[in-house]
K.L.:
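Dumping the structure here so I can ask a few things about it.
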Amino acid sequence: MKVSLASALGTCFGVKDAINLALEPQFKGDLTIIGQLVHNGQVNESLKKNGVSVVDGADAIDQIKTKKVMITAHGAAEKMKKKLTDAGLVVFDASCPLVMRVHNTIKSMVEKNYFPVVIGQEDHVEVKGIVGDLDDYIVVGSEDDLEKLRATGKRKFGIVSQTTQQVEKVEHLVGKIREMDCVDDVAFVNTICQPTRDRQIAVGDLADQVDLMIVIGGYNSSNTKKLVQVCDEKNVEAYHIEASSQLDKQWFINKKHVGITAGTSTPEYIINDVHSAILEIAREMDELKIQPVH
Ligand code: SF4
């Protein structure tokens with residue numbers, strides 16, 4: 001059984017920078033992160049072990065017990081940042097520059113009188129940050145949401161995408177919007193980030209060569225789910241796991257070539273651990289095959 005890693009996988013620079021900032025010795029346990037810094041349970045667990053607190057939910061600000069707070073790599077609305085500083089907190093901003101690019105792009109579209117549309121997952125923290133300073137907006141998650149554009153009564157739409165969306169899906173939805181009879185003018189900037197694109201292209205290439213794909217990443221990680229989706233679309237059997245302990249040997253029976261990929265918030269040590277475990281399974285499977293028949 002052959003085992004191959006995707007040519008691009010795992011932690012992106014945005015996530016690495018955010019984790020490194022959170023672990024800086026200057027904080028010494030005096031830091032609260034608002035929401036998960038990255039969508040990876042194990043990373044968040046090790047941050048907690050280093051004395052970093054995490055608060056979440058509608059009353060997140062009320063739960064803060066430290067002087068210093070951190071905005072996650074997913075970004076936040078300016079209104080939210082102001083709320084934090086008004087509460088007397090010192091704000092450290094780990095927003096990824098590629099998320100900030102989406103904030104800036106949509107703001108400049110609104111200034112040019114385009115009605116803002118975000119293609120993404122409405123309840124995702126990144127999308128909440130993108131729309132958090134806008135008076136009016138639409139989030140499109142699927143074709144089912146397109147009629148929302150008509151309901152606005154507007155004819156000029158400015159469209160951006162959540163950074164971790166699937167490239168083909170976004171292009172398809174923008175094509176559908178352009179065809180709508182109620183739409184005169186579309187300004188579209190595809191703001192899917194390069195690390196996400198690289199991982200989607202790499203998993204697609206590898207999916208063409210394998211008969212099983214193992215996708216590693218947090219179950220709540222949007223970009224990891226998209227990697228599974230790419231495999232599904234290519235009819236390649238794929239399993240989404242967070243850690244090597246979830247690997248099931250049954251998946252590997254009679255498989256010739258297994259691929260491994262990982263989302264942008266999956267740290268290298270988890271990928272290495274899963275890779276080693278799969279190599280061990282591959283060795284066992286190969287040994288079983290060459291057992292002499294008595
Ligand atoms: S996935 Fe993209 S936008 Fe998100 S943190 Fe990584 S590089 Fe930045």
K.L.:
Taking atom CD of Glu268 as the centre, does the number of heavy atoms from other residues, nucleotides or ligands within less than 6.0 Å exceed 12?
P.N.:
no
K.L.:
Would you confirm whether Glu179, through its side chain, and Lys176, through its main-chain N or O, come within 3.5 Å as a donor-acceptor pair?
P.N.:
no
K.L.:
Do Ile106 and Leu134 have side chains that get closer than 4.5 Å, going by heavy atoms?
P.N.:
yes
K.L.:
Is a side-chain donor or acceptor of Ser161 paired with a backbone partner of Thr191 at a separation under 3.5 angstrom?
P.N.:
yes
K.L.:
Which pairs count as salt bridge (charged side-chain N to carboxylate O under 4.0 Å, His left out) when at least one residue sits in residues 186-212, sequence neighbours excluded?
P.N.:
Asp208-Lys234
K.L.:
Mark yes or no for whether Lys67, through its side chain, and Gly88, through its backbone, hold a donor-acceptor pair below 3.5 Å.
P.N.:
yes
K.L.:
Do other residues, nucleotides or ligands put more than 12 heavy atoms under 6.0 Å from the NZ atom of Lys226?
P.N.:
yes
K.L.:
Less than 4.5 Å apart, side chain to side chain, heavy atoms only: is that true for Ser53 and Lys48?
P.N.:
no
K.L.:
Are any side-chain N or O atoms of Thr266 and backbone N or O atoms of Ala262, one a donor and one an acceptor, separated by less than 3.5 Å?
P.N.:
no
K.L.:
Whether the Thr196 and Thr164 side chains hold a donor-acceptor pair (N or O, under 3.5 Å, no angle test) is what I'd like checked.
P.N.:
no
K.L.:
More than 12 heavy atoms of other residues, nucleotides or ligands under 6.0 Å from CG of Asp135: is that the case?
P.N.:
no
K.L.:
Could you tell me whether the side chains of Glu78 and His103 share a donor-acceptor contact shorter than 3.5 Å?
P.N.:
no
K.L.:
Donor-acceptor check, side chain of Ser221 to backbone of Gly217, threshold 3.5 angstrom: yes or no?
P.N.:
no
K.L.:
Using atom types as modelled and distance alone, determine if a side-chain donor or acceptor of Lys169 lies under 3.5 Å from a backbone N or O of Gly141.
P.N.:
yes
K.L.:
If you measure only the distance, is there a donor-acceptor pair under 3.5 Å linking the side chains of Gln63 and Asp59?
P.N.:
yes
K.L.:
To the closest 0.5 Å, what do you measure between CZ (Phe188) and CD (Glu171)?
P.N.:
6.5 Å
K.L.:
Counting N and O atoms only, with roles assigned by atom type, does the side chain of Asp184 sit under 3.5 Å from a partner on the main chain of Arg155, one being a donor and the other an acceptor?
P.N.:
no
K.L.:
Before giving the answer on salt bridge (charged side-chain N to carboxylate O under 4.0 Å, His left out), spell out for Glu284 and Lys249 the whole-Å C-alpha distance, their side-chain angles and the decisive distance to 0.1 Å.
P.N.:
CA-CA 10 Å; Glu284 280 177 32; Lys249 284 184 189 166; 3.0 Å; yes
K.L.:
Are Ile278 and Ile260 packed together at the side-chain level, in the sense that at least one heavy-atom pair is separated by less than 4.5 angstrom?
P.N.:
yes
K.L.:
With respect to Ile119, which candidate in Ile159, Val139, Val127 satisfies the side-chain contact (heavy atoms from CB on, under 4.5 Å) definition?
P.N.:
Ile159
K.L.:
Going by atom types only, do Thr85 and Lys81 share a side-chain donor-acceptor pair under 3.5 Å?
P.N.:
no
K.L.:
Can you find a pair of side-chain heavy atoms, one from Phe27 and one from Thr66, that are under 4.5 Å apart?
P.N.:
no
K.L.:
Under the 3.5 angstrom rule, does the side chain of Asn20 hit a backbone N or O of Asp17 as a donor-acceptor pair?
P.N.:
no
K.L.:
Just by distance, no angles: are the side chains of Gln209 and Ser4 close enough, under 3.5 Å, to form a donor-acceptor pair?
P.N.:
no
K.L.:
Before you tell me yes or no, could you show the steps for Lys128 and Asp123 under salt bridge (charged side-chain N to carboxylate O under 4.0 Å, His left out), namely the whole-Å CA-CA distance, both residues' side-chain angles and the distance that decides it to 0.1 Å?
P.N.:
CA-CA 7 Å; Lys128 285 185 187 162; Asp123 60 353; over 6 Å; no
K.L.:
Does a side-chain heavy-atom distance below 4.5 Å link Ile33 with Leu47?
P.N.:
yes
K.L.:
Does the side chain of Glu126 pick up a donor-acceptor pair with the side chain of Gln121 at under 3.5 Å?
P.N.:
no
K.L.:
With side chains defined as the heavy atoms from C-beta onward, is the minimum distance between His124 and Gln162 less than 4.5 Å?
P.N.:
yes
K.L.:
Output yes when a side-chain donor or acceptor of Asn104 lies under 3.5 Å from a complementary backbone atom of Met100, and no otherwise.
P.N.:
yes
K.L.:
Is there a side-chain contact between Met80 and Ile61 in this structure, where contact means two heavy atoms from C-beta onward sitting under 4.5 Å apart?
P.N.:
yes
K.L.:
Give a yes-or-no answer on whether the side chains of Lys225 and Gln229 include a donor-acceptor pair shorter than 3.5 Å.
P.N.:
no
K.L.:
Take Arg283 and Glu287 through the salt bridge (charged side-chain N to carboxylate O under 4.0 Å, His left out) test and state the conclusion after the steps.
P.N.:
CA-CA 6 Å; Arg283 199 183 53 74; Glu287 270 177 10; 2.8 Å; yes
K.L.:
Taking Gln165's backbone N and O only, do any of them form a donor-acceptor pair with Asn223's side chain (distance below 3.5 Å, no angle check)?
P.N.:
no
K.L.:
Within a radius of less than 6.0 Å around NZ of Lys83, do more than 12 heavy atoms belonging to other residues, nucleotides or ligands occur?
P.N.:
no
K.L.:
Do Asp185 and Tyr114 have side-chain atoms, one donor and one acceptor, less than 3.5 Å apart?
P.N.:
yes
K.L.:
Lys148 and Thr152: side chain to side chain donor-acceptor pair (under 3.5 Å), yes or no, with the steps?
P.N.:
CA-CA 7 Å; Lys148 289 187 200 167; Thr152 64; over 6 Å; no
K.L.:
Would you mind reporting whether Met285 and Ile253 have side-chain heavy atoms less than 4.5 Å apart?
P.N.:
yes
K.L.:
Look at the aromatic rings of Phe157 and Phe115 and report parallel, tilted or perpendicular, splitting at 30° and 60°.
P.N.:
perpendicular
